[in-house]
Amino acid sequence: MITIDVLTFNPFRENTYIVSAPGGQAVIVDAGNYSAAEDREICEFIAERKLKPILALNTHGHVDHILGVEYIKKTFGVPLALHRADNFLVESAPQHGALYGFRMERVPAVETDLAGVPSIALGDTTLQVIHTPGHTPGHVCFFEPESRSLFCGDTVFRESIGRTDLPGGDYSWIMKSILEKIIPLGDDVTLYPGHGPKTTIGHEVLYNPFIVEVLDGDVNYRG
């Protein structure tokens with residue numbers, strides 16, 4: 001069974017997940033560490049638990065989710081995996097980040113393209129890769145079936161959904177991703193979002209106003 005830990009970083013309060021398997025292999029999902037203190041925090045966390053990072057894994061390419069990726073790559077010697085449809089966001093991250101006061105000296109190189117990749121191996125388990133465009137064109141979620149865990153990035157939050165008014169965002173796409181790819185996974189699945197507390201699919205079906213209005217037929221997300 002995997003172990004899931006979360007460290008919340010940078011002024012956007014972004015959730016960085018450290019997902020580890022028995023034996024210590026780990027992936028770092030959406031490394032958002034930005035300051036020197038945050039860099040130390042994630043390094044000390046990994047060292048104390050004797051983890052062995054094998055991959056920097058990103059749900060999407062927005063700047064608050066990639067601030068720490070270059071540091072993680074350099075410190076642990078791991079590659080970055082990201083869907084190629086979000087490459088334009090990574091490439092423009094220094095300019096976009098500057099609007100929010102973030103300084104990025106280097107753009108992390110993407111070594112593994114997640115487009116068409118069905119799963120990522122982690123110890124004796126796998127993280128299924130599910131393409132969920134809408135918040136960004138290349139947004140993906142990672143599903144671990146044994147623990148019934150979905151790392152959903154900024155596609156869905158507790159009683160909300162990700163923004164679709166940024167470059168590459170699309171409301172119809174994000175609702176299609178949620179309604180047709182995430183909800184069918186089952187009510188018992190725990191959602192680990194890019195911001196805010198964890199939730200479950202069952203809770204969101206009942207209480208997420210963006211989902212409820214579609215399920216009730218009040219909004220046609222395809223239109």
Side-chain angles (χ1 to χ4, degrees), residues 1-8 12-22 26-30 32 57-60 62 65 81 83 86 114-164 169-223:
M1 182 75 74
I2 61 169
T3 298
I4 300 168
D5 295 289
V6 59
L7 300 174
T8 301
F12 279 48
R13 306 302 294 162
E14 183 269 344
N15 292 332
T16 295
Y17 293 100
I18 301 173
V19 186
S20 56
V27 295
I28 300 171
V29 180
D30 291 346
L57 195 57
N58 267 65
T59 60
H60 64 294
H62 278 156
H65 289 254
H83 193 291
D86 272 12
L114 293 177
V117 173
S119 63
I120 299 290
L122 176 62
D124 292 332
T125 189
T126 58
L127 301 176
Q128 297 175 9
V129 180
I130 304 172
H131 186 208
T132 55
H135 181 62
T136 68
H139 197 295
V140 296
C141 297
F142 306 109
F143 180 56
E144 202 285 311
E146 183 181 2
S147 64
R148 309 290 289 158
S149 303
L150 184 75
F151 302 92
C152 55
D154 287 4
T155 294
V156 60
F157 305 119
R158 182 178 173 87
E159 300 180 15
S160 189
I161 63 172
R163 294 178 61 172
T164 57
D170 186 281
Y171 169 78
S172 294
W173 288 358
I174 200 170
M175 294 311 300
K176 181 179 175 67
S177 293
I178 294 169
L179 272 293
E180 300 182 15
K181 295 184 178 181
I182 292 178
I183 287 179
L185 294 174
D187 288 350
D188 63 323
V189 169
T190 300
L191 302 177
Y192 293 89
H195 304 270
K198 66 182 180 181
T199 182
T200 65
I201 289 177
H203 181 90
E204 298 313 305
V205 168
L206 290 175
Y207 300 111
N208 189 313
F210 296 93
I211 296 173
V212 171
E213 66 184 4
V214 171
L215 294 178
D216 286 350
D218 297 327
V219 172
N220 177 12
Y221 71 90
R222 296 180 182 274

Distance-only criterion, 3.5 Å: show the donor-acceptor pairs between side-chain atoms of residues 115-130 and protein atoms not counting sequence neighbours.
| residue | atom | partner | partner atom | Å |
| --- | --- | --- | --- | --- |
| T125 | OG1 | E144 | OE2 | 2.7 |

Flag, side chain of H135 to backbone of G162, donor-acceptor distance under 3.5 Å = no
Quick check: does any side chain N or O of N15 sit under 3.5 Å from a backbone N or O of T8, one acting as donor and the other as acceptor?
-> no
Per side-chain contact (heavy atoms from CB on, under 4.5 Å), V189 is matched among T200, I182, I183, L150 by L150
Partners of T199 by side-chain contact (heavy atoms from CB on, under 4.5 Å), sequence neighbours excluded?
-> R158, L191, H203, E204
Side chain to side chain contact (heavy atoms under 4.5 Å, CB included) between T155 and I161, worked out | CA-CA 6 Å; T155 294; I161 63 172; over 6 Å; no
Any donor-acceptor N/O pair, Y171 side chain to G134 backbone, under 3.5 Å | no
Sequence neighbours left out, what passes salt bridge (Lys or Arg N to Asp or Glu O under 4.0 Å) with R13? Give chain and number order.
-> none
side-chain contact (heavy atoms from CB on, under 4.5 Å) partner of S177, the single match among V140, V156, T132, D170 | T132
Report the residues that fulfil side chain to side chain donor-acceptor pair (under 3.5 Å) with T136, sequence neighbours left out, ordered by chain and then residue number.
-> D86
State which residues pass side chain to side chain donor-acceptor pair (under 3.5 Å) with T16; sequence neighbours excluded, sorted by chain then number.
-> E14
Sequence-distant partners of L215, side-chain contact (heavy atoms from CB on, under 4.5 Å), two or more places apart = L179, V205, I211
Sequence neighbours excluded, the answer for side chain to side chain donor-acceptor pair (under 3.5 Å) partners of T59 is D30
Identify, with sequence neighbours excluded, every residue that meets ring pair (Phe, Tyr, Trp, His ring centres under 6.0 Å) alongside F210.
-> none
Partner residues of F143 under the ring pair (Phe, Tyr, Trp, His ring centres under 6.0 Å) criterion, sequence neighbours left out | none
Scan for salt bridge (Lys or Arg N to Asp or Glu O under 4.0 Å) pairs involving residues 173-190, sequence neighbours excluded, and state none if there are none.
-> R148-D188, K176-E180, E180-R222
State which residues pass ring pair (Phe, Tyr, Trp, His ring centres under 6.0 Å) with H83; sequence neighbours excluded, sorted by chain then number.
-> H131
Can you list the residues that meet the side chain to side chain donor-acceptor pair (under 3.5 Å) rule with S149, with sequence neighbours excluded?
-> S147
Does the separation of the ring centres of H62 and H139 fall below 6.0 angstrom?
-> no
